[in-house]
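The first residue of the sequence shown is numbered 1, and numbering continues consecutively from there.
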Amino acid sequence: MAKYLLLKHYRGAPAPVNDVPMDQWTPEEISAHVRYMNDFAARLEKSGEFVDGQALAPEGAWVRYDGEGRPPVTDGPFAETKDLIAGWMIIDVDSYERAVELAGELSAAPGAGGRPIHEWLEVRPFLTCPPTITE
């Protein structure tokens with residue numbers, strides 16, 4: 001089994017087919033989307049492929065250690081995670097192909113008008129050992 005991170009992006013990926021921002025959805029559309037995500041996770045729990053998942057709140061900040069007594073908090077120069085990552089799911093599957101299959105299914109969660117979003121999801125394998133350095 002190999003673990004993969006499925007990342008749901010707010011932006012930075014190609015536009016989804018149903019490209020209506022969530023803040024413009026009705027409460028019913030949001031409920032249908034969340035229900036789809038929960039049902040998907042429950043099905044993967046039963047198959048033993050679900051590890052964890054979470055939606056992220058829009059608040060957030062970049063933080064960096066800048067020396068004793070100087071705890072900086074900054075909003076730049078990078079795009080903020082809150083602007084880029086909407087949520088994530090960790091799966092533990094037998095192959096990369098299975099991870100891609102599940103990401104494709106997850107991308108069909110309903111959005112505005114109840115139509116599937118067909119959003120792009122990022123599929124990233126977990127690093128299982130330190131990278132080999134060749135000189």
I need the single residue from L5, I90, L44 that forms a side-chain contact (heavy atoms from CB on, under 4.5 Å) with V51. Which is it? I90

Does W88 share a hydrophobic cluster with V93, counting links as ILVMFWY side-chain heavy atoms below 4.5 Å and allowing steps through other members? no

For E28, side-chain hydrogen bond (donor to acceptor under 3.5 Å, both in side chains) partners two or more places apart: T26

Scanning both residues in full, the closest heavy-atom pair of Y36 with L106 reads CE2-O, 4.1 Å

Once you round to the nearest 0.5 Å, how far does CG of D52 lie from NZ of K3? 10.5 Å

Which residues share a side-chain hydrogen bond (donor to acceptor under 3.5 Å, both in side chains) with N18, sequence neighbours left out: R115

Which value, rounded to the nearest 0.5 Å, describes the distance between L102 atom CG and R98 atom CZ? 4.0 Å

Could you see if L6 belongs to whatever hydrophobic cluster contains M37? Use Ile, Leu, Val, Met, Phe, Trp, Tyr and a side-chain cutoff under 4.5 Å. yes

Are W120 and V123 in one and the same hydrophobic cluster, where Ile, Leu, Val, Met, Phe, Trp and Tyr link if side-chain heavy atoms are under 4.5 Å apart? no

Between H118 (side chain only) and A108 (backbone N and O only), is there a donor and an acceptor less than 3.5 Å apart? no

Closest approach of G114 and P110, non-hydrogen atoms and distance? O-CB, 3.8 Å

Taking G111's backbone N and O only, do any of them form a donor-acceptor pair with W25's side chain (distance below 3.5 Å, no angle check)? no

Answer yes or no: is there a side-chain heavy-atom contact under 4.5 Å between I117 and H33? yes

Step through the shown structure and confirm whether more than 12 heavy atoms of other residues, nucleotides or ligands are within 6.0 Å of CZ on R43. yes

Residues at least two apart in sequence or cross-chain that pass side-chain hydrogen bond (donor to acceptor under 3.5 Å, both in side chains) with S47, listed by chain then number, are E49

Side chain of E29, backbone of G113: donor and acceptor closer than 3.5 Å? yes

ILVMFWY cluster, V34 and M22 together (side-chain gap under 4.5 Å): yes

State, yes or no, whether a side-chain contact exists between Y4 and Y96 at a heavy-atom distance under 4.5 Å. yes

Please find the pair of heavy atoms, one from M89 and one from A41, that lie closest to each other, and give the distance. CE-CB, 4.1 Å

